[in-house]
**Q** 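Structure provided below as structure tokens; questions to follow.
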Amino acid sequence: MDALWMVSPLLLVPLLLWTSSTFTFYFKKFFYVAWMMFLALLAIPMSVVKSGGRDIENMRIIRFLVRHVKYLLGLQIEVSGQEHLQLQGPYVIISNHQSSLDVLGMMEILPDRCTTIAKKELIYAGTVGLICWLGGIVFINRKKTSDAKNVMCDAAKTMLEDQIRLWVFPEGTRNQQGDLLPFKKGAFHLAVQAQVPIIPVVFSSYNSFYHRKEKQFNSGTIRLKILPKIETKGMSSDDVSSLADKSYQVGTSS
Ligand SMILES: CCCCCCCCCCCCCC(=O)SCCNC(=O)CCNC(=O)[C@H](O)C(C)(C)COP(=O)(O)OP(=O)(O)OC[C@H]1O[C@@H](n2cnc3c(N)ncnc32)[C@H](O)[C@@H]1OP(=O)(O)O
Ligand SMILES: CCCCCCCC/C=C\CCCCCCCC(=O)OC[C@@H](O)COP(=O)(O)O
């Protein structure tokens, strides 16, 4: 009996841990990374069997495997403006970039034959890096701007040759302040060089459920707003700055 009295408070420890929001914060973050690594591990052989190597069609496998992850983190995703993605042929999607959780919203609406531009360091992220490569993700070296620009110029040609859509985060880095950082120009050069429309997508702020400083990761809703296309037909490199400014205005007012 005495032993039972000793043990029962100990049993409370895991219970307290479960209810502690700090524990939940770290647990969800760890779980997210571990689960994505595991999903990537599943996606690698599936992609190799389906396509034999690096192929944009592998994004379908990634999209399929990632779509349930929101439920495991207690998140809901609400999408508006889905009709704006119903365009034939290639286009450039631009969106704000808050954290690695953006991948969940991205996979919720990712059109067929669409991949993304990412910093080259991501290729070293274990199984996730390998599946990004297999999914045709275009890697750029942000420290060597001229290399990055060349890679993006090549991507403009590939978009047309292979009928590919590209998702670019024009802020070029993550930003959780709920506003938009100044846009870099790569996404707009890309769209103008390929003469394809830009479709802006706005992710709602994660501040309603996620606070890094306060160590809070609660349940919540991510709202994705897909906006009408911005045409680039007939534009040249001289128009890129005004196109970037216009897209920035559209993003901040939505
Ligand atoms: C199951 C497991 C699932 C796994 C999950 C899978 C999903 C993974 C999701 C991963 C998500 C990962 C997400 C991520 O990793 S986000 C990070 C990586 N992505 C980006 O950085 C994209 C956006 N970056 C850019 O656009 C930058 O502009 C680059 C990098 C290109 C240069 O940046 P820079 O810092 O230098 O600044 P600048 O833009 O002011 O440009 C400077 C000058 O160059 C001119 N210029 C620029 N570009 C071009 C061009 N193309 N042709 C001709 N000229 C060009 C430009 O006009 C300007 O000149 P001027 O106008 O002042 O005279
Ligand atoms: C053995 C290596 C272990 C590495 C572990 C890290 C693996 C990450 C695993 C799962 C996360 C899920 C999807 C990853 C996609 C995240 C892409 C991302 O958000 O990259 C940051 C980049 O946009 C901007 O970077 P900076 O804010 O400029 O810096």
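Quick note: numbers below take in every heavy atom, side chains included, and nothing from hydrogens, waters or symmetry partners. Atoms within a ligand are numbered from 1 in the order they appear, just like the ligands themselves. One-based numbering along the sequence shown.
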**Q** Quick one: pull up CD1 in Ile77 and CG in Leu104 and give me the separation to the nearest 0.5 Å.
**A** 5.5 Å

**Q** Which part of Leu122 is near ligand 1, with near meaning a heavy atom under 4.0 Å away: side chain, backbone, both or neither?
**A** side chain

**Q** Does the protein place a non-hydrogen atom closer than 4.0 angstrom to atom 44 (O) of ligand 1?
**A** yes

**Q** Taking the six-membered ring for Trp, are Trp35 and Phe38 parallel (under 30°), tilted (30 to 60°) or perpendicular (over 60°)?
**A** tilted

**Q** Mark up the atoms of ligand 1 that fall under 4.0 Å of a heavy atom belonging to His97, in ascending order.
**A** 13 (C), 16 (S)

**Q** Parallel, tilted or perpendicular: which describes the rings of Phe183 and Phe188, with under 30° parallel and over 60° perpendicular?
**A** parallel

**Q** Hey, which atoms in ligand 1 end up nearer than 4.0 Å to a heavy atom of Phe169?
**A** 11 (C), 13 (C), 22 (C), 23 (C)

**Q** Same cluster or not: are Leu41 and Tyr32 linked, directly or through other Ile, Leu, Val, Met, Phe, Trp or Tyr residues, by side-chain heavy atoms under 4.5 angstrom apart?
**A** no

**Q** Any donor-acceptor pair under 3.5 Å linking the side chain of Asp239 with the backbone of Ser236?
**A** yes

**Q** Has ligand 1 got any nitrogen or oxygen that is less than 3.5 angstrom from a nitrogen or oxygen of Ser241?
**A** no

**Q** Any chance you could measure Gln195, atom CD, to Met235, atom CE, to the nearest 0.5 Å?
**A** 9.0 Å

**Q** Does any N or O of ligand 1 fall below 3.5 Å from an N or O anywhere on Ala40, backbone included?
**A** no

**Q** Could you tell me whether atom 63 (O) of ligand 1 has a protein heavy atom closer than 4.0 Å?
**A** no

**Q** Applying a 4.0 Å heavy-atom criterion (strictly less than), which segment of Ile140 is in contact with ligand 1: side chain, backbone, both, or neither?
**A** side chain

**Q** Which bit of Tyr124 gets closer than 4.0 Å to ligand 2, counting heavy atoms only: side chain, backbone, both or neither?
**A** backbone

**Q** For ligand 1, which atoms have a heavy atom of Arg142 less than 4.0 angstrom away?
**A** 17 (C), 21 (O)

**Q** Nearest to atom 35 (O) of ligand 1 by heavy atom, Met36, Lys184, Met152: which?
**A** Lys184

**Q** Within ligand 1, which atoms have a heavy atom of Gln193 less than 4.0 Å away?
**A** 52 (N)

**Q** Tell me if a side-chain donor or acceptor on Arg54 pairs with a main-chain N or O of Trp133 at a distance below 3.5 Å.
**A** yes

**Q** Among all protein non-hydrogen atoms, which one is nearest to atom 54 (N) of ligand 1, and what is the separation to 0.1 Å?
**A** His189 NE2, 3.4 Å

**Q** What do you reckon, does Lys185 have a nitrogen or oxygen under 3.5 Å from a nitrogen or oxygen of ligand 1?
**A** yes

**Q** Just heavy atoms, cut-off under 4.0 Å: does Arg174 contact ligand 1 by side chain, backbone, both, or neither?
**A** neither

**Q** Could you tell me, atom by atom, which parts of ligand 1 come under 4.0 Å of a heavy atom of Ile62?
**A** 3 (C)

**Q** With the threshold set at under 4.0 angstrom, would you say Val168 reaches ligand 1 through any of its heavy atoms?
**A** yes

**Q** Mind telling me whether Tyr206 and Phe203 have parallel, tilted or perpendicular rings, with 30° and 60° as the class edges?
**A** perpendicular

**Q** Is a side-chain donor-acceptor pair under 3.5 Å present for Asn175 with Gln177?
**A** no

**Q** May I have the step-by-step check of side chain to side chain contact (heavy atoms under 4.5 Å, CB included) for Met36 and Val66, ending in yes or no?
**A** CA-CA 8 Å; Met36 293 297 260; Val66 169; 4.1 Å; yes

**Q** Please indicate whether any nitrogen or oxygen in Lys149 is less than 3.5 Å from any nitrogen or oxygen in ligand 1.
**A** yes

**Q** Could you check which of Leu101, Asp102, Val103 puts a non-hydrogen atom nearest to atom 13 (C) of ligand 2?
**A** Val103

**Q** Any side-chain to backbone donor/acceptor pair from Arg63 onto Leu110? Under 3.5 Å, distance only.
**A** yes

**Q** Do Tyr210 and Phe25 make the cut of ring centroids closer than 6.0 angstrom?
**A** yes

**Q** Indicate the atoms forming the closest heavy-atom contact of Ala187 with Pro170, along with that distance.
**A** CB-CB, 4.4 Å

**Q** Which of the numbered atoms in ligand 2 are under 4.0 angstrom from any heavy atom belonging to Ser100?
**A** 16 (C), 19 (O)

**Q** Could you see which bit of Lys119 sits under 4.0 Å from ligand 1, with heavy atoms only: side chain, backbone, both or neither?
**A** both

**Q** Identify the closest protein heavy atom to atom 28 (O) of ligand 1: which residue and atom is it, and at what distance?
**A** Gly186 N, 3.2 Å

**Q** Consider only side-chain heavy atoms of I, L, V, M, F, W and Y, link residues closer than 4.5 Å, and tell whether Val103 and Tyr124 are in one cluster.
**A** yes

**Q** Hey, which atoms in ligand 1 end up nearer than 4.0 Å to a heavy atom of Ala118?
**A** 12 (C), 14 (C), 15 (O), 18 (C)

**Q** Looking only at protein heavy atoms, which one is nearest to atom 6 (C) of ligand 1, and what is the separation?
**A** Cys132 SG, 3.9 Å

**Q** Check each atom of ligand 2 against the heavy atoms of Val33 and keep those under 4.0 Å away; list them by number with element.
**A** 9 (C)

**Q** Treat each ILVMFWY residue as a node, draw an edge where side-chain heavy atoms are under 4.5 Å apart, and state whether Leu85 and Val196 are in one component.
**A** yes

**Q** Between Thr173 and ligand 2, find which residue part has any heavy-atom pair under 4.0 Å and reply side chain, backbone, both or neither.
**A** both

**Q** May I ask whether Val66 places a heavy atom under 4.0 Å from ligand 1?
**A** yes

**Q** For atom 52 (N) of ligand 1, is there a protein heavy atom at a distance under 4.0 Å?
**A** yes

**Q** Just heavy atoms, cut-off under 4.0 Å: does Met36 contact ligand 2 by side chain, backbone, both, or neither?
**A** side chain

**Q** Checking the N or O distance criterion of under 3.5 Å, is ligand 2 in contact with Lys119?
**A** yes

**Q** With atom 36 (O) of ligand 1 as the reference point, say which of Leu39, Thr116, Thr145, Leu166 has the nearest heavy atom.
**A** Thr145

**Q** State if Glu121 counts as touching ligand 2 under the rule of any non-hydrogen atom under 4.0 Å.
**A** no

**Q** May I ask whether Met59 and Leu130 are part of the same hydrophobic cluster, defined by side-chain heavy atoms of I, L, V, M, F, W, Y residues being less than 4.5 angstrom apart, directly or through others?
**A** yes

